[in-house]
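Step one of this worksheet: look at the structure below.
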Amino acid sequence: MRIVLVGPPGAGKGTQAAFLAKNLSIPHISTGDLFRANISRQTELGKLAKSYMDAGNLVPDEVTIAMAKDRMEQPDAVNGFLLDGFPRNVSQAEALDELLESEGMQLDAVLDLEVPEDEVVKRIAGRRVCRNESAHVFHVTYKPPAKEGVCDVCGGELYQRDDDSEETVRKRLEVYHTQTEPIIDYYKAQGLVVTIPALGKVEDVTARAMEALKRVVDDK
Ligand code: AP5
């Protein structure tokens, strides 16, 4: 399956993507994680991305699309992928459509994670991520690690993302409403959007998403 996951910052896209990708045996492709990996390796792309990310803005389309395309063309993504954080504006959505069309492929579904704004603020405020691998995500209240400050998965140090400060989160939410939300209408016009209520336990949200994807497959 080829799936796009959309939702405001802190909605739980990364958390859900890890379970959904495993259940569906497809790679989880997160542009945010790809940028953070470049930042920790101190690449030129990482240096460029960091300046935009720290301000809560989108990294320019040209570099983002090239990076996402390169990742989607890796052998493990031949039979499908779960995109998390890409596309993030209508230009990126159009670029993705062009790419898929040129390969004779199409998206199967766009899962829209719906979470009230006061809840995303709580989720982001308590989030802690691993320095070794930003896909290892915890929460001080909702998902505390066994040992404070230490990643359960790999033993790495847990820290608060630089872009999780109150001011940057406010900017990221504004960017989400103005630039990313329009892709929901873009994909609604293609009949691809499935809205998933994303409040409640992580496993309940995963179950809702899996049921919705099953309906998508059954309807084909
Ligand atoms: P990115 O890393 O994609 O950030 P985001 O979209 O803002 O999403 P988050 O990672 O903040 O949240 P999430 O929805 O994954 O939530 P999570 O699962 O961690 O992008 C960062 C930046 O990179 C962007 O601002 C931009 O600058 C740049 N960028 C990335 N892609 C780009 C693109 N395509 N174009 C241009 N620029 C781009 O969950 C949050 C917390 O809640 C965690 O602590 C988790 O444990 C907890 N939680 C999750 N689910 C639940 C639940 N059900 N109940 C209770 N707690 C929960």
Side-chain angles (χ1 to χ4, degrees), residues 4-21 28-39 45-46 48-69 71-72 82-93 95-96 111-116 119-130 133-145 151-153 158-165 168-177 179-181 183 196-209:
V4 166
L5 210 49
V6 70
K13 299 182 295 299
T15 301
Q16 290 305 322
F19 292 107
L20 295 174
H28 165 204
I29 300 180
S30 156
T31 40
D33 286 341
L34 291 172
F35 283 133
R36 281 184 287 277
N38 273 279
I39 292 171
L45 174 61
L48 173 85
K50 187 167 169 45
S51 61
Y52 290 93
M53 290 167 80
D54 284 354
N57 287 315
L58 297 187
V59 179
D61 284 347
E62 201 184 313
V63 287
T64 303
I65 292 166
M67 179 183 75
K69 181 173 181 287
R71 180 61 188 88
M72 282 184 274
L82 177 57
L83 295 177
D84 159 12
F86 182 87
R88 233 179 170 95
N89 59 27
V90 172
S91 317
Q92 292 182 12
L96 176 61
L111 298 183
D112 171 22
L113 296 188
E114 201 175 54
V115 186
E119 175 67 12
V120 300
V121 169
K122 277 189 219 155
R123 288 186 184 181
I124 291 178
R127 171 167 51 194
R128 299 294 179 270
V129 300
C130 177
E133 174 57 74
S134 70
H136 300 164
V137 180
F138 298 84
H139 190 282
V140 291
T141 318
Y142 299 137
K143 192 192 171 196
C151 175
D152 287 352
V153 185
L158 297 181
Y159 77 110
Q160 187 160 28
R161 272 170 41 180
D162 292 345
D163 62 345
D164 278 353
S165 69
T168 309
V169 168
R170 221 176 295 126
K171 177 67 184 170
R172 285 163 60 202
L173 283 166
E174 180 202 316
V175 167
Y176 176 75
H177 293 309
Q179 299 189 49
T180 307
E181 266 180 350
I183 72 169
I196 310 289
L199 268 182
K201 286 187 190 159
V202 169
E203 55 269 34
D204 293 343
V205 179
T206 310
R208 273 174 228 147

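No experiment lies behind these values; they were computed from the predicted model shown. These numbers come from the heavy atoms of this one structure, side chains and all, not from hydrogens, waters or symmetry mates. Start at 1 and go down the list; that is how both ligands and their atoms are numbered.
Regarding atom 56 (N) of ligand 1, its nearest protein heavy-atom neighbour is Tyr142 CD1, 3.1 Å. Atom 9 (P) of ligand 1 has its closest protein heavy atom at Arg127 NH1, 3.2 Å. Nearest protein neighbour of atom 48 (N) of ligand 1, counting heavy atoms only, is Arg123 CD, 4.0 Å. Nearest protein neighbour of atom 8 (O) of ligand 1, counting heavy atoms only, is Lys13 NZ, 3.1 Å. The nearest heavy-atom contact from the protein to atom 28 (C) of ligand 1 is Met53 CG, 3.7 Å. The nearest protein atom to atom 7 (O) of ligand 1, hydrogens excluded, is given as Arg172 NH2, 2.7 Å; this is a heavy-atom distance. What sits closest to atom 12 (O) of ligand 1 on the protein, heavy atoms only, is Gly10 N, 2.9 Å.
For a threshold of 3.5 Å applied to N or O pairs, the pair formed by Asp163 and ligand 1 contains no separation below that value. In terms of N/O distances under 3.5 Å, ligand 1 is approached by Phe138. At under 3.5 Å, a nitrogen or oxygen of Thr31, whether backbone or side chain, sits near a nitrogen or oxygen of ligand 1. Of the N or O atoms in Asp84, none lie within a sub-3.5 Å distance of an N or O in ligand 1. At least one N/O-N/O distance between Arg88 and ligand 1 falls below 3.5 Å. Checked against a 3.5 angstrom limit, the closest N/O atoms of Gln92 and ligand 1 fall inside it. Polar contact check, Glu119 against ligand 1: no nitrogen or oxygen pair lies under 3.5 Å apart. The distance criterion of under 3.5 Å between nitrogen or oxygen atoms is not met by Val137 with respect to ligand 1.
The backbone N or O of Val137 lies less than 3.5 Å from a partner atom in the side chain of Lys143, making a donor-acceptor pair. Within the 3.5 Å criterion, the main-chain N or O of Leu83 finds no donor-acceptor partner in the side chain of Lys13. The closest donor-acceptor contact from the side chain of Thr180 to the backbone of Arg88 lies under 3.5 Å.
Heavy-atom proximity to Val202, at under 4.0 Å, picks out these atoms of ligand 1: 50 (N), 51 (C), 52 (C), 53 (N). Heavy-atom proximity to His139, at under 4.0 Å, picks out these atoms of ligand 1: 44 (O), 46 (O). The ligand atoms of ligand 1 that sit less than 4.0 angstrom from a heavy atom of Thr64 are 33 (C), 34 (N), 35 (N), 36 (C).
Heavy atoms of Arg161 come nearer than 4.0 angstrom to ligand 1 in at least one pair. Residue-ligand proximity: Gly56 is placed with every non-hydrogen atom at 4.0 Å or more from ligand 1. Judged by the shortest distance from any of its heavy atoms, Gly126 lies outside the 4.0 Å radius around the atoms of ligand 1. Ligand 1 has no atom lying under 4.0 Å from any heavy atom of Ala68. Assignment of Arg36 to the shell around ligand 1 is supported, since a heavy atom sits closer than 4.0 Å.
Taking all heavy atoms of Asn57, Val59, Leu58 into account, the minimum distance to atom 27 (O) of ligand 1 is reached by Asn57. Closest heavy-atom approach to atom 53 (N) of ligand 1 within the set Pro60, Ser134, Gly200: this belongs to Gly200. Counting heavy atoms only, Gly85 comes closest to atom 34 (N) of ligand 1 of the residues Gly85, Gly12, Gly14, Ala125.
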For Val205 and Thr15, run side chain to side chain contact (heavy atoms under 4.5 Å, CB included): C-alpha distance rounded to whole Å, both residues' side-chain angles, the deciding distance at 0.1 Å, then the answer. CA-CA 10 Å; Val205 179; Thr15 301; over 6 Å; no
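Within 6.0 Å of the CD atom in Glu62, the count of heavy atoms belonging to other residues, nucleotides or ligands does not exceed 12.
Thr64 places none of its side-chain heavy atoms less than 4.5 Å from the side chain of Leu58. Looking at Arg71 and Phe86, their side chains never come closer than 4.5 Å, going by heavy atoms from C-beta outward. Inter-residue side-chain proximity for Met53 and Arg161 is flagged as unmet; no heavy-atom pair is nearer than 4.5 Å.
Looking at Thr15 against ligand 1, both its backbone and its side chain come within 4.0 Å, counting heavy atoms. Only the side chain of Phe35 comes within contact range of ligand 1, with a heavy atom under 4.0 Å; no backbone atom does.
Under 3.5 Å, the side chains of Ser134 and Asp33 contain a donor-acceptor pair of N or O atoms.
By the ring pair (Phe, Tyr, Trp, His ring centres under 6.0 Å) test, Tyr142 is found to be paired with His139, residues two or more places apart in sequence or in another chain being considered.
By the 4.0 Å N-to-carboxylate-O rule, Asp164 lies too far from Arg123 to be salt-bridged with it.
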